[in-house]
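Below is one structure, written out as structure tokens; the observations come after it.
Both backbone and side-chain heavy atoms feed into the values below; hydrogens, waters and symmetry mates do not.
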2 protein chains.
Amino acid sequence: MKKRSPTSLEYALLGLVHMQPRTGYDLRKIFETTPMGHYSSSPGAIYPALKRLEQQWLIEGEVAAQDTMRPKRIYSATPHGVDILREWVSQAILTEDLLRKDDELMLRFALMGTVVDHNVTRRFLEQMLQALESYIPELEEVLATLSDVGPPHGRLALSSGIEAYKARRRWAQEAIQEFPSAGNRGRKK
Amino acid sequence: MKKRSPTSLEYALLGLVHMQPRTGYDLRKIFETTPMGHYSSSPGAIYPALKRLEQQWLIEGEVAAQDTMRPKRIYSATPHGVDILREWVSQAILTEDLLRKDDELMLRFALMGTVVDHNVTRRFLEQMLQALESYIPELEEVLATLSDVGPPHGRLALSSGIEAYKARRRWAQEAIQEFPSAGNRGRKK
DNA sequence: CCCCCCATGTAACATGTTACATGATTGA
DNA sequence: TCAATCATGTAACATGTTACATGGGGGG
């Protein structure tokens with residue numbers, strides 16, 4: 001039996017309940033009201049996803065308000081769930097991930113705080129920087145080859161993307177300083 | 001009969017065949033090899049989507065290589081398709097679109113070159129700037145309220161997002177100058 | 001002659017969307 | 001008591017993913 005890997009939404013839910021136990025409703029509110037917000041949020045997505053995670057033992061729900069019907073379940077991550085989450089956030093970053101899995105990449109970073117140490121975080125940022133260093137020039141080259149005739153919208157859209165990646169590169173260079181390498185450990189501040 | 005509106009992928013296909021007639025294979029290659037690349041690209045997504053567009057008269061396919069079996073179809077946009085495309089790219093931009101439909105927003109910009117004049121493009125950029133001016137401070141406020149204890153990953157991920165939006169604001173301010181307003185028309189360069 | 005690229009398609013499957021439904025609790 | 005918010009769920013549907021299948025043509 002091949003265990004197909006969780007979706008982004010499922011990882012997001014797993015990470016959030018690991019940070020702190022929550023109900024399905026809590027999770028929905030997070031997606032509705034915070035900047036985490038493009039991960040769905042409709043009950044038809046959340047509740048089935050929680051059920052799947054529970055079936056795979058990645059999270060477990062404790063029933064509160066036991067006497068009423070339609071009991072409320074408070075979920076938290078199981079040790080196995082934490083392992084799976086850690087494995088996911090620790091995956092190597094490929095250049096193409098910047099194009100095809102960009103959201104997932106930042107989600108991984110946002111959720112890694114509670115499952116890995118600063119060495120893994122640092123490695124993540126180093127790999128992201130490497131990917132950006134190889135991808136940005138590639139995009140600039142594409143931009144340079146685009147013909148000047150016709151509407152500029154395509155070219156402008158591409159340069160918007162390039163600027164976004166450059167902003168991310170600056171961000172990563174700043175961020176990495178908060179995670180000193182083994183050699184420099186403890187010397188910061 | 002309610003005509004449900006096309007998906008992003010369908011709009012992308014519609015826009016691309018309007019720029020220039022193409023086969024399904026051409027479209028797949030675009031998604032595989034260019035920066036337009038996170039829009040799917042698998043045959044199981046492209047060919048059914050083209051079929052749907054054809055059924056709604058948004059595109060039409062001309063059959064080439066008529067004598068062989070498995071004939072190759074070259075698609076182009078119908079006048080009705082162009083209307084629908086124009087309507088879509090011209091929609092008003094809401095602040096929440098920045099969070100929930102960001103990709104779609106940039107796709108709309110990239111595809112609008114061949115269907116609207118520079119006044120509409122300018123309006124698009126003005127509305128995007130307005131949305132950014134209202135959204136960026138909102139995010140900064142959220143960032144300021146986040147507690148300093150615990151792992152910084154969440155805060156850093158948020159500031160990465162903020163920097164991306166700021167980069168987009170700079171880009172939009174630059175880009176808008178390529179589309180002079182009615183009052184300044186023709187005065188540029 | 002074989003492999004790769006051109007070129008199109010389908011079938012099974014999982015996920016997510018939209019809309020609906022239920023009922024408890026809290027504050028005005 | 002009325003409305004809003006808390007809280008969970010399901011059913012129908014459309015879309016997209018993965019994997020498979022077919023076949024022609026060109027180049028080494």
Could you work out which one of [options] sits closest to the side chain of [X]?
X	options	answer
A/P48	C/dT10, C/dT8, D/dT10	D/dT10
A/Y25	D/dG9, C/dG16, D/dC6	D/dC6
B/T23	C/dA7, C/dT15, C/dT10	C/dA7
A/A45	D/dG9, C/dA7, C/dG16	C/dG16
B/R52	D/dG16, C/dA7, D/dA19	D/dG16

Whole angstroms only, please: what is the [atom1]-[atom2] distance between [X] and [N]?
X	N	atom1	atom2	answer
B/I46	D/dT15	CD1	C1'	13 Å
A/E62	D/dT8	CD	C1'	17 Å
A/E54	D/dT8	CD	P	12 Å
A/K72	C/dT26	NZ	P	10 Å
A/D103	C/dG16	CG	C1'	16 Å
B/R73	C/dC6	CZ	P	21 Å
B/Y75	C/dA7	OH	C1'	12 Å
B/Y47	D/dA21	OH	C1'	13 Å

ask   = Do any N or O atoms from the side chain of A/R22 and from the backbone of A/L27 form a donor-acceptor pair under 3.5 angstrom?
value = no
Is [X] near enough to [N] that one of its side-chain N or O atoms lies under 4.0 angstrom from OP1 or OP2?
X	N	answer
B/K51	C/dT10	yes
B/R4	D/dT15	yes
A/K29	D/dA7	no
A/T7	C/dG16	yes

ask   = In Å and rounded to the nearest 0.5 Å, what is the CG to CG distance from A/L129 to A/L125?
value = 7.0 Å
Touch check for [X], heavy atoms < 4.0 angstrom, all strands: base, sugar-phosphate only, or nothing?
X	result
B/G44	base
B/S42	base
A/L9	sugar-phosphate

request  = Answer yes or no: is there a side-chain heavy-atom contact under 4.5 Å between B/Y75 and B/L53?
outcome  = no
inquiry  = Membership question, hydrophobic clusters at under 4.5 Å side-chain separation (ILVMFWY): are A/I136 and A/V142 in the same one?
reply    = yes
query = When hydrophobic residues are tied together by side-chain contacts of less than 4.5 Å, even through go-betweens, does B/F31 share a cluster with B/I74?
reply = no
